[in-house]
Amino acid sequence: MELQEILELLEEVMDIEEGVLTPESELAEVDEWDSLSKLALMAEVKKRVNRRLSTEEILNFKTVQDIIDYLQ
């Protein structure tokens, strides 16, 4: 997946405005990064790139860049 696709996916699953997230965004500072967003990300990753994202991997993500690195 390309950078812009990943950012759009994250903004979609977190239900936030387009252009809010950057690779440097700290997930702990994004109120919308909650359990529902994490589950939605797991489902979308499985659907779009056919990879299983574990709970442990999700918990290790600290920044948007961590998710980008995982998906690229």
- Message: To the nearest 0.5 Å, what is the distance between CG on Leu71 and CD on Glu2?
- Response: 12.0 Å
- Find out whether Asp66 and Asn60 are in side-chain contact, i.e. whether some heavy atom of one side chain is under 4.5 Å from a heavy atom of the other. no
- Pairwise side-chain contact, Trp33 with Val64, heavy-atom cut-off 4.5 Å (strictly under): no
- Message: Can you tell me if Gln72 has over 12 outside heavy atoms packed within less than 6.0 Å of its CD?
- Response: yes
- Query: Rounded to the nearest 0.5 Å, how far apart are CZ of Arg48 and CG of Leu41?
  - Reply: 9.5 Å
- How about Phe61 and Ile68: do any of their side-chain heavy atoms sit closer than 4.5 Å? no
- Measure the CD-CD1 distance between Gln4 and Ile6 for me, rounded to the nearest 0.5 Å. 10.0 Å
- Message: Please determine whether side chain to side chain contact (heavy atoms under 4.5 Å, CB included) holds for the pair Lys46 and Leu53, giving the CA-CA distance in whole Å, both sets of side-chain angles, and the decisive distance to 0.1 Å.
- Response: CA-CA 7 Å; Lys46 176 69 175 153; Leu53 184 57; over 6 Å; no
- Residues at least two apart in sequence or cross-chain that pass side-chain contact (heavy atoms from CB on, under 4.5 Å) with Thr55, listed by chain then number, are Met42, Leu59
- Message: Run the side-chain hydrogen bond (donor to acceptor under 3.5 Å, both in side chains) test against Gln65 and tell me which residues pass, sequence neighbours left out.
- Response: Asp69
- Can you tell me how far CD of Glu11 sits from CD of Glu32, rounded to the nearest 0.5 angstrom? 10.5 Å
- Message: List the residues meeting salt bridge (Lys or Arg N to Asp or Glu O under 4.0 Å) with Glu8, not counting sequence neighbours, and say none if there are none.
- Response: none
Side-chain donor-acceptor pairs of residues 13-29 under 3.5 Å, sequence neighbours excluded:
residue: Thr22; atom: OG1; partner: Glu24; partner atom: N; Å: 3.3
residue: Thr22; atom: OG1; partner: Glu24; partner atom: OE1; Å: 3.3
residue: Thr22; atom: OG1; partner: Ser25; partner atom: N; Å: 3.4
residue: Thr22; atom: OG1; partner: Ser25; partner atom: OG; Å: 3.3
residue: Ser25; atom: OG; partner: Thr22; partner atom: N; Å: 2.9
residue: Ser25; atom: OG; partner: Thr22; partner atom: O; Å: 3.1

- Query: Got a sec, which residues hit salt bridge (Lys or Arg N to Asp or Glu O under 4.0 Å) with Arg51, two or more places apart in sequence or on another chain?
  - Reply: none
- Partners passing side-chain hydrogen bond (donor to acceptor under 3.5 Å, both in side chains) against Glu57 (at least two apart in sequence or in another chain): Ser54
